[in-house]
Amino acid sequence: MPMIDVYATGGMFANPKALARDLAATLMKIEQVPDIPMFRKNTAAFIHDLPDGALSNVEGDGNYVRVQVLTNAGALNRDKQLAVVRQFTDLVAAAAGDPSLEGRTWVLLTEAIEGGWGLAGRANTNAELVRYSTPCRSPNFSARKDRVDDPRRLARSHSAERMAEATREGD
């Protein structure tokens, strides 16, 4: 459930919400995570409009875009890293209507440390996040009984062991 932050001078994007949605959907596709509510509701992009003069390189140019992508540790192998940078750069330039922005878009890939991915009030490990996204037949966690779709329900469980136990129920 990555977070994406885009920093650009205000008004650069005609439709910032569409850009945010496109970036989030693209990252889900590249990461190859399951298309379930847990990921769709918790993969998001934030477009930050900076005031004029709030961005500058050494020469005084301020017509850049910075995109920072935060994922859980190990989510992006090298091929996925290359895909994120290329596709995000293309999306940003297209959203701005400025093909030359491709050369002025910085994409930073950052990983949260193991256990440093908080969701629904709980710091989760990679193993827990994977476990939450796998099939679950326990009525304790999902009315649908096929997926863990509400991580808040998992966070209310007081231990990772209980979550793992519930995930294995019915196997």
- Message: With rounding to the nearest 0.5 angstrom, report the OG1 to CG distance, T43 to L23.
- Response: 12.0 Å
- State the CD-CG distance between E31 and N77, to the nearest 0.5 angstrom. 10.5 Å
- Query: With a 4.5 Å heavy-atom cut-off, do L108 and V67 have their side chains touching?
  - Reply: no
- Item | Positive for side chain to side chain contact (heavy atoms under 4.5 Å, CB included) with V6, one of I47, D49, V107 | I47
- Is a side-chain N or O of R104 found less than 3.5 angstrom from the main chain of S100, in a donor-acceptor match? yes
- Decide yes or no for V65 and W106: does some side-chain heavy atom of the first lie under 4.5 Å from some side-chain heavy atom of the second? no
- Message: Side-chain heavy atoms nearer than 4.5 Å, only ILVMFWY residues, links allowed to pass through others: does that put V92 and M12 together?
- Response: yes
- Item | From CG (L50) to CZ (R66), nearest 0.5 Å | 9.5 Å
- Query: In terms of hydrophobic clustering (I, L, V, M, F, W, Y; side-chain heavy atoms under 4.5 Å; direct or indirect links), are M28 and I30 co-clustered?
  - Reply: no
- Atom CG of D22 and atom NZ of K17: how far apart are they, to the nearest 0.5 Å? 12.5 Å
- Is I4 reachable from L109 through a run of I, L, V, M, F, W or Y residues, each pair having side-chain heavy atoms under 4.5 Å apart? yes
- Query: Can you check whether N57's main-chain N or O pairs, donor with acceptor, with D61's side chain at less than 3.5 Å?
  - Reply: no
- Message: Using a 3.5 Å distance criterion without hydrogens, assess whether the side chain of N15 forms a donor-acceptor pair with backbone atoms of F13.
- Response: no
- Note on the structure: When every non-hydrogen atom of F46 is compared with those of M3, the smallest separation belongs to CE1-SD, 3.6 Å
- Going hydrophobic residue to hydrophobic residue with side-chain gaps under 4.5 angstrom, can you get from V85 over to L101? yes
- Item | Shortest non-hydrogen separation from A20 to A45 and the atoms involved | O-CB, 3.4 Å
- Query: Strictly by modelled atom types, are Q68 and T110 linked by a side-chain donor-acceptor pair under 3.5 Å?
  - Reply: yes
- Would a 4.5 Å heavy-atom cut-off, applied to side chains only, mark T9 and N63 as touching? no
- Note on the structure: Correct closest heavy-atom pair for S56 and G60 would be OG-CA, 3.2 Å
- Query: Is the side chain of N72 donor-acceptor paired with the backbone N or O of A75 at a distance under 3.5 Å, no angle test?
  - Reply: no
- In Å, rounded to the nearest 0.5 Å, how long is the span from CG of L27 to CD of Q32? 11.5 Å
- Could you tell me whether the side chain of E111 reaches within less than 4.5 Å of the side chain of L70, counting heavy atoms only? no
- Message: Can you confirm whether Y7 sits close enough to L55 that some side-chain heavy atom of one is under 4.5 Å from a side-chain heavy atom of the other?
- Response: no
- Query: Should T26 and F88 count as side-chain neighbours, where that means a heavy-atom distance under 4.5 Å?
  - Reply: yes
- Item | From D35 atom CG to K29 atom NZ, the distance as rounded to the nearest 0.5 Å | 11.5 Å
- In short, K80 meets L76 closest at the heavy-atom pair CB-CD2, 3.8 Å
